[in-house]
Amino acid sequence: MRYLKILFVAFALILSAPASLAQNMQLRAGSSERILNGNEIDGVVRKAEWTMSLRLDGRHNCGASFISPKIESGKVTGWSSEASEPKWAVSAAHCMFDPWTGAPYEISRLSVYSGALDIQNGPSNGEGDVQEVRAFYVPDGTLGTPSYDPITLENDIALLRLADAKTVDGSKRGSIRLPTIADVNWIYDPYTALHTAGWGRTSEGGIGSPTLLEVRIPMVDHDTCAEKYAPFGDEIYPGMICAGYRSGEFDSCQGDSGGPLYYRPTPLTQLTSKSVLVGIVSWGRGCGGADLFGVYTRIVHYQDWMTAVIQAN
Ligand code: ARG
C-alpha cells in the first residue's frame, strides 16, 4: 500500500541490490512458492478462526481479525478468546482508504468473509459467511490517540463494527484476545515466535493465495529494525513493531495487510493457553528481503483507544 515506497524499493533493488540477493532468496527459499514460505493452515479453520478477508466490492482486499470485548455495565473489562459470533474486527487503517484519492471507502463497499480457508471456492461451496461492515473507526486525533498518517503509516489500525452473520456456526468463527498486562512482559520481546496469516501475495510482485497461508516469524528488536529502515528514511514509531528473520524469506506481503500477527501456544512453548493478537500487518519494503523486516501495528499501544471506541459505539 505504500505505493511510493514500493516503487522506490523496486528501484533500489534494481539499482543497488547485490545481484546475489535475489539469487540467494531463491536458493534459500527452495522450490516453495508459498506466501513467502508459509504453510497452508492444514484445512482446519479452527486453527486461525479469527482470521478473515476484508472485501472491497466483494473482492479480497485486506485481512482482518475478529475480536470480542467483554463488557460489564457498559465498560470493556477484557477480551474474549472464545466468542463464536464476534461483532468487532480489527484491521489496518490503510485498508479503509482509497490509495489514489485518499478518501475513505464507502461503508457499503466493505464486507468481511470468514469461516473458510479458501476465499476463491469457499463461497460457491457454501462455506464461510459474509458480514456487512456497519461502521469503521480509525485514529482521528480524538480519544487520546493521534491520527492515522497515510504517509508514515503511523497509527495504522482500524476497528470495524460488523452486522450479524447470516448463518450461526460457532465452530468456524471465533475471536482472538488482546494482550493482558502480564502478556506484555514477554510477548513483545525480541525472538518471541509469532505467526502471521493471510491470503496475500506468495512472492514479491506475485499474486495472492486462494487459501489461507500461515508463516512463523520471530519478533525483532525495535532498534535493530529502526536501524535497517533508517537509510530509507522510514521511521519505526513506538506504535510499530517488526517481525521476521534477518535473512528475510518468511514474511507477509501485499494483500496480507490488516491481518493478524499473533502468538499461538504450542505444546513446547505454552506461555499462555490461548492465542493472543500481537500486531496487525502494516507495511514493509518489498517482501521477504534480507534485513527488511515486516512492520506491524503494535496492538498494545492502541488498546486504550480500542476500548474507548468500543465503549462509545
Ligand atoms: N501493505 C501491505 C498490504 O497492504 C502489507 C505489506 C507487508 N509487507 C511486508 N513485507 N511484511 O497488504
Side-chain angles (χ1 to χ4, degrees), residues 1-10 12-13 17 21-22 25 29 34-38 51-56 59-65 90-100 102 105 110 112 119 138 148-158 194-209 212-220 225 228-229 232 234 236-237 239-262 278-298:
M1 280 292 162
R2 283 193 144 181
Y3 284 104
L4 287 176
K5 297 205 166 176
I6 288 162
L7 279 178
F8 186 84
V9 173
L13 284 176
L21 174 71
M25 276 173 57
R34 300 286 154 82
I35 180 192
L36 301 166
N37 303 302
T51 309
M52 73 193 98
S53 162
L54 172 57
R55 295 167 153 193
L56 177 66
R59 281 207 302 267
H60 175 82
N61 189 48
C62 270
S65 309
V90 61
S91 184
H94 80 257
C95 292
M96 315 312 291
F97 296 89
D98 185 316
W100 306 110
Y105 289 127
L110 301 169
V112 299
I119 55 171
V138 301
Y148 157 64
D149 183 332
I151 307 290
T152 62
L153 289 188
E154 201 182 356
N155 310 316
D156 193 12
I157 184 169
L194 303 171
H195 287 86
T196 184
W199 292 271
R201 291 181 178 180
T202 56
S203 61
E204 194 172 316
I207 59 163
S209 168
L212 182 60
L213 302 181
E214 181 188 60
V215 73
R216 188 157 77 139
I217 42 176
M219 181 74 82
V220 172
C225 184
K228 300 298 180 191
Y229 273 108
F232 297 93
D234 297 330
I236 307 299
Y237 292 93
M240 297 178 179
I241 49 173
C242 304
Y245 295 92
R246 291 192 54 185
S247 53
E249 300 168 35
F250 301 86
D251 198 2
S252 46
C253 201
Q254 269 59 48
D256 292 320
S257 276
L261 175 73
Y262 50 101
V278 176
I280 302 164
V281 180
S282 181
W283 62 276
R285 283 194 174 264
C287 303
D291 280 338
L292 294 176
F293 305 105
V295 186
Y296 300 80
T297 309
R298 182 183 160 97

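Just so it is clear, the values below take in all heavy atoms, side chains as well, and ignore hydrogens, waters and symmetry mates. Ligands are counted one by one from 1 in listed order, and the atoms in each one are counted from 1 as well.
- The part of Asp256 lying near ligand 1 is the backbone, judged by heavy-atom distances below 4.0 Å.
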Report task. Go through Thr196 and Val281 one step at a time and tell me if the side chain to side chain contact (heavy atoms under 4.5 Å, CB included) criterion holds. Result -> CA-CA 8 Å; Thr196 184; Val281 180; 3.5 Å; yes

Query raised in the report: Going through the distances and angles, do Ile280 and Asp156 end up as a side chain to side chain contact (heavy atoms under 4.5 Å, CB included)?
Result: CA-CA 8 Å; Ile280 302 164; Asp156 193 12; over 6 Å; no

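- Under a 4.0 Å heavy-atom criterion, His94 is in contact with ligand 1.
- Between the side chain of Glu204 and the backbone N or O of Cys287, at least one donor-acceptor pair lies under 3.5 Å.
- Counting atoms of ligand 1 from 1 in the listed order, those under 4.0 Å from a heavy atom of Asp251 are 9 (C), 10 (N), 11 (N).
- Distances below 4.0 Å separate heavy atoms of Gly294 from the following atoms of ligand 1: 11 (N).
- Each of the atoms 3 (C), 12 (O) of ligand 1 lies under 4.0 Å from some heavy atom of Gly255.
- Residue Cys287 approaches ligand 1 through these ligand atoms, each under 4.0 Å from one of its heavy atoms: 10 (N).
- Put simply, part of Ser282 is less than 4.0 Å from ligand 1, judged by heavy atoms.
- Residues Ile217 and Tyr245 are in side-chain contact: their nearest non-hydrogen atoms beyond the backbone lie under 4.5 Å apart.
- Looking at Leu153 and Tyr148, their side chains come closer than 4.5 Å, going by heavy atoms from C-beta outward.
- Counting only heavy atoms from C-beta outward, the side chains of Asn155 and Asp149 never approach each other to under 4.5 Å.
- The shortest N/O to N/O separation between Gly286 and ligand 1 falls below 3.5 Å.
- Polar contact with ligand 1: absent for Val281 (N/O pair, distance under 3.5 Å).
- Using 4.0 Å as the threshold, Gly200 has no heavy atom nearer than that to any atom of ligand 1.
- Counting only N and O atoms by type, the side chains of Tyr296 and Ser252 include a donor and acceptor under 3.5 Å apart.
- If you look at Cys95 next to ligand 1, there are no close heavy atoms at all, none under 4.0 Å.
- For the pair Arg285 and ligand 1, the shortest N or O to N or O distance does not fall below 3.5 Å.
- Applying the side chain to side chain contact (heavy atoms under 4.5 Å, CB included) test to Ala158 and every residue at least two apart in sequence or in another chain returns Met96, Val138, Leu160.
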